[in-house]
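Below: one structure, written as structure tokens.
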Amino acid sequence: MQTIAVPAVGEEREVEVGSVMLSTGEAGISFSGLRLTANTAVHGKRAGADFTVNLPEGTLPSPGYGRDLFMVTGATFRYDREKGERRGLSKPDIGVYVDPTNDRRLVARLVFGFSKLDVPIPDAQFQIDRCMWAPGGGLRREILYSGGSKGTITLQYREYVNNTARPAFSQELSYDLADGNEIGFKGARIRIIKVSNTGVRFVVLRQMTPQ
């Protein structure tokens with residue numbers, strides 16, 4: 001087993017009230033969802049012909065052809081030399097996945113029958129939802145966002161073993177943002193960017209210290 005922590009240090013995230021802000025433990029990790037936060041155009045070349053793929057903003061369905069490949073059902077495909085979009089069997093299946101060497105970049109995968117073409121999308125705007133799984137006996141620790149009011153932010157710390165909460169190891173936390181927008185607990189450091197009625201936007205500066 002290895003210690004996994006999400007989100008990554010330096011990654012900006014936004015969560016709603018009752019959602020997990022920070023999670024760490026001896027566990028595995030997988031993608032549970034991916035959302036494009038802006039319409040994205042992808043340009044490439046196939047058999048000497050330039051083409052354009054348009055990916056619409058929105059949440060993508062569960063992985064299709066392979067693990068962590070998310071199909072984009074509303075995407076369009078057009079060769080630049082043609083006036084109209086390709087449709088039906090003449091249109092490739094279009095999906096996206098996170099670059100395994102750089103988790104801040106997406107790659108578009110176009111499937112033309114038995115062949116495929118991967119095109120990096122360096123300017124894609126997206127958000128990844130990750131989930132963690134713990135094997136038998138695994139310990140998982142979480143910090144959840146409970147809400148914010150009048151310059152105060154409230155969090156909840158929880159511990160789980162075998163995916164069962166340990167009530168004796170739960171704790172309510174409250175921070176006055178008038179003292180600064182950086183908060184900490186058990187070694188973790190989090191910079192609060194914005195607090196609203198529906199959620200909080202933040203950046204993880206440092207993960208929780210291992211047990």
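Just the heavy atoms: all of them, side chains too, but no hydrogens, waters or symmetry mates, feed the values below.
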Spacing of [X] atom [atom1] and [Y] atom [atom2] [to the nearest 0.5 Å]:
{"X": "Met21", "Y": "Arg13", "atom1": "CE", "atom2": "CZ", "answer": "10.5 Å"}
{"X": "Met208", "Y": "Thr24", "atom1": "CE", "atom2": "OG1", "answer": "5.5 Å"}
{"X": "Arg86", "Y": "Lys91", "atom1": "CZ", "atom2": "NZ", "answer": "12.0 Å"}
{"X": "Glu11", "Y": "Phe202", "atom1": "CD", "atom2": "CZ", "answer": "8.5 Å"}
{"X": "Leu69", "Y": "Asp93", "atom1": "CG", "atom2": "CG", "answer": "10.0 Å"}
{"X": "Leu36", "Y": "Phe70", "atom1": "CG", "atom2": "CZ", "answer": "10.5 Å"}

task = Look at the side-chain heavy atoms of Ile, Leu, Val, Met, Phe, Trp and Tyr, link any pair under 4.5 Å apart, and say whether Tyr157 and Val200 land in one connected group.
result =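 Linked within one cluster.
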Side chains of [X] and [Y]: closer than 4.5 Å at any heavy-atom pair?
{"X": "Ile183", "Y": "Leu177", "result": "yes"}
{"X": "Pro120", "Y": "Asp99", "result": "no"}
{"X": "Asn39", "Y": "Glu57", "result": "yes"}

key: side-chain contact (heavy atoms from CB on, under 4.5 Å) assessment of Val15 paired with Leu144   = CA-CA 9 Å; Val15 300; Leu144 295 84; over 6 Å; no
request  = Can you tell me which residue pairs pass the side-chain hydrogen bond (donor to acceptor under 3.5 Å, both in side chains) test with a partner in residues 108-117, sequence neighbours excluded?
outcome  = Arg109-Asp118
query = Should we count CD of Glu16 as having more than 12 external heavy atoms under 6.0 Å?
reply = no
Looking only at non-hydrogen atoms, find the nearest pair between [X] and [Y] and report the distance.
{"X": "Leu22", "Y": "Ala188", "result": "CD2-CB, 3.7 Å"}
{"X": "Arg105", "Y": "Ile121", "result": "CG-O, 3.9 Å"}
{"X": "Ala41", "Y": "His43", "result": "CB-NE2, 4.1 Å"}
{"X": "Gln127", "Y": "Glu14", "result": "NE2-O, 3.8 Å"}
{"X": "Val20", "Y": "Glu142", "result": "CG2-OE1, 3.6 Å"}
{"X": "Phe185", "Y": "Ile143", "result": "CD2-CD1, 4.4 Å"}

inquiry  = Side-chain heavy atoms under 4.5 Å apart, restricted to Ile/Leu/Val/Met/Phe/Trp/Tyr: what other residues fall into the cluster of Val203, or is it alone?
reply    =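 Val203 shares its hydrophobic cluster with Ile193, Leu205.
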request  = I would like to know whether Leu106 and Leu34 meet side-chain contact (heavy atoms from CB on, under 4.5 Å); could you show each step before the answer?
outcome  = CA-CA 10 Å; Leu106 284 187; Leu34 190 150; 3.9 Å; yes
task = Ignoring hydrogens and angles, state whether a donor on the side chain of Asp123 or Thr40 is under 3.5 Å from an acceptor on the partner side chain.
result =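 Distance-only check fails for Asp123 and Thr40.
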request  = May I ask you to check whether Arg35 and Thr59 show a side-chain donor-acceptor distance below 3.5 Å?
outcome  =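 Yes, side-chain donor-acceptor contact under 3.5 Å.
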Between [X] and [Y] (side chain of the first, backbone of the second, donor and acceptor by atom type, cut-off under 3.5 Å), is there such a pair?
{"X": "Tyr145", "Y": "Gly148", "answer": "yes"}
{"X": "Thr52", "Y": "Arg78", "answer": "no"}
{"X": "Arg206", "Y": "Gly187", "answer": "yes"}
{"X": "Tyr175", "Y": "Gly184", "answer": "yes"}

inquiry  = Please identify which of these residues, Thr154, Val17, Ile153, meets the side chain to side chain contact (heavy atoms under 4.5 Å, CB included) condition with Ser146.
reply    = Thr154
query = If you look only at pairs with a residue in residues 71-93, which of them pass as a ring pair (Phe, Tyr, Trp, His ring centres under 6.0 Å), with sequence neighbours excluded?
reply =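 Residue pairs passing ring pair (Phe, Tyr, Trp, His ring centres under 6.0 Å), neighbours aside: Phe51-Phe77, Phe77-Tyr79, Phe77-Phe112.
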